[in-house]
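Nothing here was measured: the structure is a model prediction, and the numbers come from that model.
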Amino acid sequence: MRILGISAHYHDSAAALVVDGIPVCAVQEERLSRRKNDAAFPIAAIDFCLEEANLSPEDLDAVVFYEKPMLKLERVLTMALRGFPRTSRSFPRAMRNLLGEKLWIKGIIASHLGIPGRKILFTEHHQAHAATAFFTAPTRRAAVLTADGVGEWATFSMGRGEIESDGSADLRLLREVRFPHSLGMLYSTFTAFLGFPVNEGEYKVMGLAAYGEPRYLDEVRRVLRRTGDGAFALDLDYFDFHLSASRSFSRKFVEVFGPPRDAWEPIDLESEDGRRLADVASSVQRVLEETLVDLARRLHEETGLEDLCLGGGVALNGCANARILRESGFSRVFVPSAPGDAGCALGAALCVDRLHFRRPHREVPDHPFWGPMPGEVADIAREDGLPVDCLRDDAEVIRRVADELCRGRIVGWVEGRCEFGPRALGHRSILAAPSDAAIRDRLNRSIKFREEFRPFAPAVPIEAAARFFELSPAAERLGRFMSGVFPVRPDMRARLAAVTHVDGTARVQTVERAMAPRFHALLEEVGKRTGIPVLLNTSFNLAGEPIVNRAVEAYSTFRRSGIDLLVCGLDVVSKRREAIGATQEAVA
């Protein structure tokens, strides 16, 4: 059974291929098109999946789209009628988007792939999120919670999944909250208010929150009120996203929280206005955490299950995930590497395999590396006149790179198939020593070109994680895909200054040898030299660009930034010594 899953036409399009119940490949369109958060129909991602599996479109048994367009049309029409005449300007734009793309997705898929309509199936959006979360997790019975901006109607759902001894699977979403009441839209509205791009800048809100105090808690709690049945509802007087295509917050929102930040205006945390913005971020982050913890606790009480699977874009909030694990009563919390819309391509395919065709569940390999291989970098560098060392084996590469990192060099690290999801987990990473805060500042200024308040993540072998971070064994699992934020041990914060956030926490990646043997070996080698087997790990990209995919993109990023060394397979590319010196002098 060969099933292709597709997500498209909102943000972060992707394709994933499942063969006989096991994922074969999955990739976001942005990694191939080089357009960040590319929402276009993922023809390049589809082509990669088919080529990787040596299949033609007619070999597919089913192609699955990650939501039901007619239900989405129903929502758009309903909300337009409810909000008329205020929706008179936004409605035509929404209809153009639906009529031009999503509503006719069956025909688009059929025309692109040349397959009959009977092979094209649909899942509901939150069903795809739930399937990604549950069917990829190493558990056979779990509660399931999904939260995002909006699918068709649902914005939040709770349910449970179970896999019987014979492999038969059951996944049921028992309750849901519907648009316009949405935790994802709440957070995205504050993201826009703080001057960050929606569906991309939510990370920045979480990072900024650590610099503030939750002085606006009461105000945010009035914006998001709890309902008598234990759910939640937005006070829509504060919002315009359900009425307007151009603005998500209302005049009343501004009256309460102050003027919004212009996207081009830097945040000065020493100023009164900068502190206001940080306090607003801290307040909405606190309310989101409290709400999710309470909802997860109720789900635990209802189900009595030990495991919880989280899906949807809100599951990328590592601070909330850590609190859910610590306070909800669940023993284990699982978050996939791609819990957002891109991951729905994989979830839709798994959902149809297990629930539509009723095929027995098969354990999904527990790693995020489903994308393309990088190719070679040596010839590109030589043509450009840069020195290339072609080393003998992995052991020599690891020794060389460990030496360079311990000298304070910054390394672009590329190996194997790229990660599926928004985070670099050791295959498309920029690496640096974790001890010097000056390295963090250099990364922000001359490599990542991003706000200085944003933290960097540490990577650590799972065996050593508890020495440096306050992690329970269950929390170590959240660290697998950088899905949780945890305290750095107080006696280690000075030695891990580059990866310790202002509030003493870090978004930890725990690295298992079985998942990433080469990266794990590099961490151990660094530990032999320094006593600290920890590295700063950030995604291999510049601000506004997708994570690199192929060697040529890694090389281009290396040349356009302050990265000192590029490692791709067994090849190590260095910049000319005078160029390195000039870069370091300019940074200093």
Side-chain angles (χ1 to χ4, degrees), residues 196 200-211 267 269 316-319 321-322 401 404-406 408-413 419 421-461 465 468-471 478-489 492-511 516 519 522-523 526 530 532-545 547-548 557-558 561-565 587:
F196 304 126
E200 180 185 344
E202 285 77 5
Y203 294 114
K204 302 180 183 183
V205 177
M206 192 167 62
L208 180 61
Y211 286 84
I267 295 177
L269 292 167
L316 289 166
N317 194 301
C319 294
N321 295 344
V401 174
E404 300 286 358
L405 287 165
C406 291
R409 307 285 291 280
I410 295 174
V411 176
W413 177 269
E419 298 90 340
R423 292 168 180 148
L425 298 166
H427 278 200
R428 301 292 187 277
S429 292
I430 296 173
L431 305 176
S435 56
D436 190 353
I439 286 183
R440 177 192 62 210
D441 297 337
R442 180 185 165 198
L443 277 162
N444 274 327
R445 284 199 304 267
S446 68
I447 295 175
K448 298 294 284 189
F449 305 117
R450 67 182 200 176
E451 300 88 351
E452 293 190 6
F453 62 79
R454 294 178 63 188
F456 289 105
V460 60
F468 304 97
F469 309 97
E470 295 180 11
L471 293 168
L478 270 183
R480 187 178 188 84
F481 302 139
M482 282 189 197
S483 300
V485 174
F486 302 99
V488 181
R489 292 197 177 278
M492 290 293 173
R493 291 176 187 175
R495 303 182 71 185
L496 297 174
V499 295
T500 300
H501 202 25
V502 66
D503 59 355
T505 65
R507 192 180 72 202
V508 184
Q509 180 192 2
T510 52
V511 182
F519 190 39
L522 176 62
L523 291 166
V526 169
T530 65
I532 301 179
V534 180
L535 287 173
L536 182 156
N537 175 19
T538 188
S539 56
F540 199 157
N541 66 311
L542 306 183
E545 297 181 359
I547 296 174
V548 301
T557 303
F558 166 68
S561 69
I563 298 173
D564 300 312
L565 207 71
V587 171

Quick one: pull up [atom1] in [X] and [atom2] in [Y] and give me the separation to the nearest 0.5 Å.
X	Y	atom1	atom2	answer
I430	W413	CD1	CH2	14.0 Å
F558	F540	CZ	CZ	8.0 Å
I410	L443	CD1	CG	4.0 Å
L565	L405	CG	CG	8.5 Å
R454	R440	CZ	CZ	13.5 Å

Flag side-chain contact, heavy atom, 4.5 Å: [X] against [Y]:
X	Y	value
L535	V499	no
P422	L316	yes
P461	P533	yes
I267	Y211	no
L431	L522	yes
N317	M206	yes
L523	V460	no
E545	T557	yes

Which heavy-atom pair separates [X] from [Y] by the least distance, and what is that distance?
X	Y	answer
T530	C406	CG2-SG, 3.6 Å
L496	F468	CD1-CB, 4.0 Å
L269	L208	CD2-CD1, 3.8 Å
A498	A433	CB-O, 4.1 Å
N537	S429	OD1-OG, 2.7 Å
A465	T510	CB-CG2, 3.9 Å

Can you sort out the partners of [X] under side-chain hydrogen bond (donor to acceptor under 3.5 Å, both in side chains), two or more places apart, ordered by chain and number?
X	answer
D436	none
N321	none
N541	K448, S539
R507	none

Measure from the side-chain N and O atoms of [X] to the backbone N and O of [Y], and report whether any donor-acceptor pair falls under 3.5 Å.
X	Y	value
Q509	A457	no
E452	N444	no
E419	G426	yes
R493	V488	yes
R442	G562	yes
R423	M482	yes

Check your understanding: Around atom CZ of R495, are there more than 12 heavy atoms of other residues, nucleotides or ligands at under 6.0 Å?
Key -> no
**Study point:** Residue pair L542, S561: steps toward the side-chain contact (heavy atoms from CB on, under 4.5 Å) verdict
**Key:** CA-CA 8 Å; L542 306 183; S561 69; 3.8 Å; yes
Exercise for review: Could you note down all residue pairs passing salt bridge (charged side-chain N to carboxylate O under 4.0 Å, His left out) where residues 479-488 supplies at least one of them, sequence neighbours left out?
Suggested key: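 Residue pairs with at least one partner in residues 479-488: D366-R480, R480-E512.
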Practice item. Output every pair passing ring pair (Phe, Tyr, Trp, His ring centres under 6.0 Å) with a member in residues 426-460, not counting sequence neighbours, ordered by first then second residue. Key: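 Qualifying pairs: F369-H427.
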